[in-house]
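All remarks here apply to the structure that follows.
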Amino acid sequence: MTKYGSFPGARPRRLRTTPAMRRMVAEHRLHPADLILPAFVREGISAPVPISAMPGVVQHTRDTLRKAAVEAVEAGVAGIMLFGVPEDEKKDALGTAGTDPDGILQLAIRDVRAEVGDDLVIMSDLCLDEYTDHGHCGVLDADGRVDNDATLERYAEMAQVQADAGVHTVGPSGMMDGQVGVVRDALDQTGHEDVSILAYTAKYSSAFYGPFREAVGSSLQGDRKTYQQDPANLRESLRELALDLDEGADMVMVKPALPYLDVLAKIADSVDVPVAAYQISGEYAMVEAAAEKGWIDRDKAILEALTGIKRAGADMILTYWATEVAQGL
């Protein structure tokens with residue numbers, strides 16, 4: 001005899017029966033417009049230089065960067081975040097190559113803007129670490145510590161030259177106190193009111209940055225624990241968030257992404273501005289290395305990681321897989 005009302009009455013598995021069913025009821029979907037491609041452009045090279053710790057990622061020439069930007073547009077990627085890699089002999093204590101109107105990053109911004117115009121949101125890393133001979137994100141004082149306020153003056157100069165070059169969005173990433181407000185003032189006072197700011201609001205001092213140091217040819221001596229956030233802290237991120245918003249941030253970011261999904265979720269629940277997350281070099285390298293060993297399914301792992309970041313609340317994801325994933329979507 002048939003028994004009605006027997007346990008279980010509710011069967012969530014009914015909504016998992018087929019790929020079409022799972023697709024129909026999916027709560028979160030990746031879209032190419034969610035993705036931003038970080039890209040490195042290196043001065044003084046005639047061919048792209050592979051980054052050994054990040055298989056598939058290169059330091060671009062100016063010409064190959066243009067091509068990468070076009071590919072990103074064709075795939076539907078929303079933006080590109082540019083990092084400049086100057087020649088070693090141009091590095092100095094003040095990072096002057098970062099504020100040279102003809103420095104590599106400013107040239108790259110002009111190149112990409114000329115190539116794709118407004119079809120891609122052109123973003124620039126606003127920080128000194130690529131350009132200083134000590135590798136820190138700011139100017140050092142007599143005791144070798146990063147001088148917050150002296151660094152802010154340099155950031156104001158960087159904001160102006162990057163905006164003059166045609167950038168749509170600047171990304172102050174040095175975690176200096178007051179950086180968003182100073183950059184906003186510098187942009188507004190030089191006629192660049194329409195240039196937006198993507199604030200690196202919660203940028204943690206992370207072990208996962210390792211491959212990035214190779215990507216930008218870092219000269220870092222020591223660490224950045226005195227200005228980047230302590231991985232143990234969450235409330236501190238909300239304080240940083242309040243300050244950045246008060247200073248005029250248009251968008252905010254959490255970096256890294258996967259180890260800090262709780263921070264991302266908390267921030268996403270707290271704001272009414274777009275929220276970004278940066279899937280950084282170490283996250284990329286782990287997946288690529290494990291896939292190369294045959295330990296995981298590469299493509300499925302990439303999509304799962306990105307979906308997790310989206311689910312946690314990111315409106316935008318910076319990922320080195322941006323163009324590849326967008327093409328697949």
Side-chain angles (χ1 to χ4, degrees), residues 28-42 48 50-51 53-61 64-85 105 108-109 111-113 115-125 167-171 173 196 198 200 208-209 211-212 215-216 251-258 260-261 264 274-288 291 298-329:
H28 300 277
R29 291 181 175 85
L30 289 170
H31 187 277
D34 299 331
L35 307 176
I36 297 167
L37 176 69
F40 308 100
V41 57
R42 179 174 168 180
I51 300 166
M54 300 175 68
V57 180
V58 301
Q59 294 172 324
H60 283 286
T61 68
T64 63
L65 178 66
R66 291 187 188 96
K67 294 175 183 177
V70 170
E71 289 177 358
V73 170
E74 292 173 346
V77 170
I80 187 167
M81 175 64 79
L82 301 177
F83 296 86
V85 185
L105 180 54
I109 293 169
D111 289 342
V112 175
R113 188 67 187 266
E115 190 71 36
V116 301
D118 294 331
D119 291 341
L120 197 62
V121 179
I122 302 167
M123 303 176 168
S124 55
D125 180 56
V167 80
H168 295 105
T169 301
V170 294
S173 62
S196 57
L198 170 57
Y200 282 59
F208 292 94
Y209 294 133
F212 182 87
V216 296
M251 300 168 276
V252 297
M253 185 196 295
V254 175
K255 181 181 181 181
L258 284 178
Y260 298 93
L261 292 182
L264 174 59
V275 177
Y278 197 145
Q279 185 185 55
I280 66 169
S281 60
E283 299 174 59
Y284 176 95
M286 287 192 301
V287 172
E288 291 288 351
R298 177 184 180 274
D299 294 347
K300 290 180 179 178
I302 290 170
L303 289 176
E304 184 176 340
L306 290 171
T307 301
I309 297 167
K310 177 80 172 179
R311 188 184 64 245
D315 301 296
M316 304 166 290
I317 305 171
L318 285 80
T319 175
Y320 300 99
W321 290 303
T323 300
E324 175 189 345
V325 169
Q327 289 168 340
L329 293 175

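The structure presented is a predicted model; accordingly, all values stated were derived computationally and were not measured.
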Q) In this structure, which one of Val121, Thr169, Leu198, Leu37 forms a side-chain contact (heavy atoms from CB on, under 4.5 Å) with Met81? A)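 That would be Leu198.
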Q. What residue among Val167, Val41, Leu65 forms side-chain contact (heavy atoms from CB on, under 4.5 Å) with Val112?
A.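 Of all the options given, the one that passes is Leu65.
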How close do [X] and [Y] get, heavy atom to heavy atom, and via which atoms?
X: Thr61; Y: Pro48; value: CG2-N, 3.8 Å
X: Ile309; Y: Leu258; value: CG1-CD2, 3.9 Å
X: Pro32; Y: Ala326; value: CB-CB, 3.8 Å
X: Asp34; Y: Arg29; value: OD2-O, 3.7 Å
X: Leu120; Y: Ala69; value: CD2-O, 3.9 Å
X: Met253; Y: Tyr278; value: SD-CB, 3.8 Å

Q: Kindly indicate, with the supporting measurements, whether the criterion side-chain contact (heavy atoms from CB on, under 4.5 Å) is fulfilled by Met54 and Tyr320.
A: CA-CA 9 Å; Met54 300 175 68; Tyr320 300 99; 3.6 Å; yes
Q. Would a distance-only check, ignoring hydrogens and angles, find a side-chain to backbone donor-acceptor pair under 3.5 Å from Glu283 to Ala257?
A.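 Such a contact is found between Glu283 side chain and Ala257 backbone.
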Q) Is there a donor-acceptor contact under 3.5 Å from the side chain of Asp315 to the main chain of Val275? A)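 Yes; at least one donor-acceptor contact below 3.5 Å.
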Q.
Any salt bridge linking Glu324 with Arg298? Criterion: basic side-chain nitrogen under 4.0 Å from a carboxylate oxygen.
A.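 Arg298 and Glu324: salt-bridged.
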**Q.** Pairing residues for Arg311 by the salt bridge (charged side-chain N to carboxylate O under 4.0 Å, His left out) criterion, not counting sequence neighbours
**A.** none
